[in-house]
Protein chains: 2
Amino acid sequence: MNPHKVISFETIRVVCKNCTLATLCLPMGLTPEDTERLDMIVKRNRPLHRGDYLFRSGERFRSLYVVKTGSVKTYAPSEEGGEQVLGFHLPGEIIGLDAIEKDHHICSARVLETSAICEIPFTRLEELTCCIPSLQHQMYRLLSKEIGHDTDMLLLLGKRNAEERLATFLVSLSRRLQRRGLSPNDFYLSMSRHEIGNYLGLAVETVSRIFTRFQDEGLLQVDRKHVQLTDLAALEAIVKGSQAEGDDRQHSS
Amino acid sequence: MNPHKVISFETIRVVCKNCTLATLCLPMGLTPEDTERLDMIVKRNRPLHRGDYLFRSGERFRSLYVVKTGSVKTYAPSEEGGEQVLGFHLPGEIIGLDAIEKDHHICSARVLETSAICEIPFTRLEELTCCIPSLQHQMYRLLSKEIGHDTDMLLLLGKRNAEERLATFLVSLSRRLQRRGLSPNDFYLSMSRHEIGNYLGLAVETVSRIFTRFQDEGLLQVDRKHVQLTDLAALEAIVKGSQAEGDDRQHSS
DNA sequence: CGAGGGCTTGAATCCTGTCAACAGACGTGG
DNA sequence: CCACGTCTGTTGACAGGATTCAAGCCCTCG
């Protein structure tokens, strides 16, 4: 066997394990054999490029997807060509959990930049989770986590003003990048201002204004897509502070 | 055996089956034996009254809850005594799915009126879903459905104005009541204006104003907690119409 | 080099929150 | 049974924040 080919194959394999399996197995005590079985059903597709679809709204649901590198946005398209951005997905994050119920996708997913995505055929995964209780539990946790995340977003959109929304967005991005070993305060946005605004329920102009305001206040440096968070603590204070005041007092009966 | 007691016991049992099991087994082809096994682990507690807790934020996660009759609100309390209402739960709906991930509750749940609630110990349920693939699939669907629902709320809070939010709230309520065989256009609200506003991200005053506005326009009749939707179609038009315009056009690259 | 899209900035408008006052329902206790 | 206080809900006036409309800049790409 060609040694070069072997190395390359193993490299891909290891990268995938670090990512897909970390997402699915996280703190669970899967045996090496079980990990291997899970690894076996994961498909590695060729890299996708900006604008490529992972899936489109209405398509039959077949697989879950895990971002290996790059980034993906999910959005609900409307008839008129408008859209509602539902989320931005960074490496290590899973996509498609909302499609299980109706057995077809209720949103579309497109990659924002050249990305490597792992595909996990869901029926295969289900067969596995039936045999591996700890994997099943991990699946429940993943789904539950997604609900918890949406709950956070609910809070964000329901009660936060523009500054608090953008600050939350940036801090969230920062933390997620850090978790993947990337710089938490110096990164490039793969999405446009328009998409950020759409996601946060704000007009493009507002997003732009808040960015400049934050820059004037010395919280960050922004040059087009390039963002440097110079005062992460201050941004976190905006997020935190608003969490307390945001909701109105309501005295229990 | 006392015939009276037998009847009473069986009645409770049937009612529970119609509710809890309908939620969990919905269209799945569970065998009678499997249904029986599921039924065995469901606890029927005594009725709860307004203000009673199902669970509090921070408590260890043990069970899922299914509303049999009455209604429940879930909310995330903050240190200052404020709260963010996360949802209102009507008969047939399940509560607690967001607690699986962290193994403790991240929100509190209190009943809004005298209610009967079924309790399903989660570890018992997990053991069952391991043995019954169709039940496992149903659990995935339930969790996935919750995500889909949150997605809808995201859309609501991100892009809708006050009228659209309240209209959506009322139409949603109407449909869910109808699904349970109750009147879709004549019902009593078990939650206060304050709670509605909190849930929809609006001030109490705004909720009140929109109610009167809707009444002036002949869409509904409202007298305190009593609501009659006299023009459900118009309300649905407000919901639908906004879904199309709400999101801004965004041309794909 | 020109066209177009993404981004920024300014001015005006509108919606919604805040503050404030009040009416009605409810519960308690005299 | 009524007085009282409390809580909920309604309504009005006002201010502030975000959207909308409009214009212009800069970068990218054909």
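Treat the numbers as computed from the prediction; the structure is a model and nothing was measured. Each chain gets a letter, A, B and so on, in the order the sequences are listed, and its residues count up from 1.
- By the 4.5 Å heavy-atom criterion applied to side chains, A/Val111 and A/Leu54 are counted as neighbours.
- Note on B/Glu164 versus B/Lys240: no salt bridge recorded, every NZ/NE/NH1/NH2 to OD/OE distance being 4.0 Å or above.
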Protein N or O to nucleotides 26-30 of chain D N or O, pairs below 3.5 Å:
none

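- Results of the ring-ring contact (aromatic ring centres under 6.0 Å, His included) test with A/His105 over A/Tyr75, A/Tyr53, A/Phe55 single out A/Phe55 as the only residue that passes.
- In this structure, CD of B/Glu195 is placed 14 Å from C1' of D/dG9, rounded to the nearest angstrom.
- The NZ atom of B/Lys159 sits 15 Å away from the P atom of D/dA18 (whole-angstrom rounding).
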N/O-N/O pairs, protein side and nucleotides 19-25 of chain D side, under 3.5 Å:
from, atom 1, to, atom 2, distance (Å)
D/dT19, OP1, A/Gly201, O, 3.3
D/dT19, OP1, A/Ala203, N, 3.2
D/dT19, OP2, A/Ala203, N, 3.3
D/dT19, OP2, A/Thr206, OG1, 2.2
D/dT20, O4, A/Arg209, NH2, 3.0
D/dC21, N4, A/Glu205, OE2, 3.2

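- The nearest whole Å value for the distance from the CD1 atom in A/Ile210 to the C1' atom in C/dT8 is 13 Å.
- Considering only heavy atoms from C-beta on, B/Leu112 comes within 4.5 Å of B/Arg50 through its side chain.
- We find that B/Arg176 and B/Glu93 are joined by a salt bridge, their nearest charged nitrogen and carboxylate oxygen being less than 4.0 Å apart.
- Atom NZ of A/Lys225 is surrounded by more than 12 heavy atoms from other residues, nucleotides or ligands within 6.0 Å.
- Residue B/Asn198 contributes atom CG, which lies 13 Å from atom P of D/dG9 at whole-angstrom precision.
- Listed nucleotides: D/dG9, C/dT9, C/dC7. Nearest to the side chain of B/Arg193: D/dG9.
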